[in-house]
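For reference, the structure is listed below as structure tokens.
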Amino acid sequence: MARVVSLFRHPIKGFTPESVDSLTVQADGRIAGDRVLAFRFADATAPEHHDGLDHWPKAKGLSLQDFPGLAALRTDYDDARQRVRIEHAGAVLVEAGLDDAGRVELADALTEFVLASAEGRRIRRPGRLPLVLVGDGVTSRFQDRARGYVSVHSRGSVDALSDALGFGIDDRRFRSNVVVDDVAPWSELDWTGELSIGRVSFRTAGPIVRCLATHANPDTGARDAKVLKTLTNDLGQDEPTLGRLLLPPRAAADGSAEWAGGTISVGDEVRAH
């Protein structure tokens, strides 16, 4: 029986995932508390627009794709107090709230950290500084695609990739919300139509084509795994793909039925139709 074995949310885009026992899927199809904050470049503090929706391309802010060293930071976001704590090597780098002064303090600390890292030259490019912390700390909005989604991959696919690499890697590299076990490797790429996780129904959207963010070790930030090349060259994929996107059922999307989301939990059964 396919089942959920891990759940994650990522309060700050590109930073530490939070392992949780349950997630709330909102009526808009996004995960509550997921990607509610983002550190953006100075020239990209307002959203772009795609198909009438706000879009925040990850290449225009701090993300693991271009700044893998961010993975070495440990972040904690207190939803109730709207307060961010960031640690590095066991010491507090910065802790502040989401008022104007706090946002500047957080952005300045991140700027100093990145400037001192191997990727420091990238943040010095025109239009990137000063960094700005955007988001209200509540609204889930900084997913890679304008529509938003719930992301899922199978433990079997990660294990198969580990075998091809010759060493073990873990689920956090892929920054999915849901990890499923007891299904064949890559089977999530074959899912079509509707799918249910516990009592929450979804429709399957596109597969997830991966980027350089997956090369970063989620503990150290070192690019220590050639994930993209292994997926295409060794595992024969046309594009480096692992995992799938989920959206509300089509009837909910076109307004012909009401869908309120719901709660998904570790241990929930996953049924692909």
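These numbers were taken from a predicted model, which means no experiment stands behind them. All residue numbers in this chain count up from 1 along the given sequence.
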- Task: Not counting sequence neighbours, which residues clear ring-ring contact (aromatic ring centres under 6.0 Å, His included) with His10? List them please.
- Result: none
- Task: Could you tell me whether the side chains of Ser140 and Gln26 share a donor-acceptor contact shorter than 3.5 Å?
- Result: no
- Query: For the atom pair OG (Ser176) and CZ (Arg244), what is the distance rounded to the nearest 0.5 Å?
  - Reply: 12.5 Å
- Got more than 12 heavy atoms from elsewhere within 6.0 Å of CG, Asp136? yes
- Query: Would you say the side-chain atoms of Ser154 and Glu188 include a donor-acceptor pair closer than 3.5 Å?
  - Reply: yes
- Message: Could you check whether His215 and Asp224, counting side-chain N and O atoms only, form a donor-acceptor pair closer than 3.5 Å?
- Response: no
- With sequence neighbours left out, write down each residue that passes ring-ring contact (aromatic ring centres under 6.0 Å, His included) with Phe8, or none if nothing qualifies. none
- Item | For Phe202, all residues meeting ring-ring contact (aromatic ring centres under 6.0 Å, His included), sequence neighbours excluded | none
- Task: Evaluate the ring planes of Phe67 and Phe41, with Trp represented by its six-membered ring, and classify them as parallel (under 30°), tilted (30 to 60°) or perpendicular (over 60°).
- Result: perpendicular
- Item | Heavy-atom side-chain proximity of Thr139 to Arg30 below 4.5 angstrom | no
- Query: Between Phe15 and Phe39, how do the two ring planes meet: parallel, tilted or perpendicular, split at 30° and 60°?
  - Reply: tilted
- Message: Is it the case that the side chains of Thr75 and Thr16 hold a donor-acceptor pair, with the cut-off being a distance below 3.5 Å and no angle test?
- Response: yes
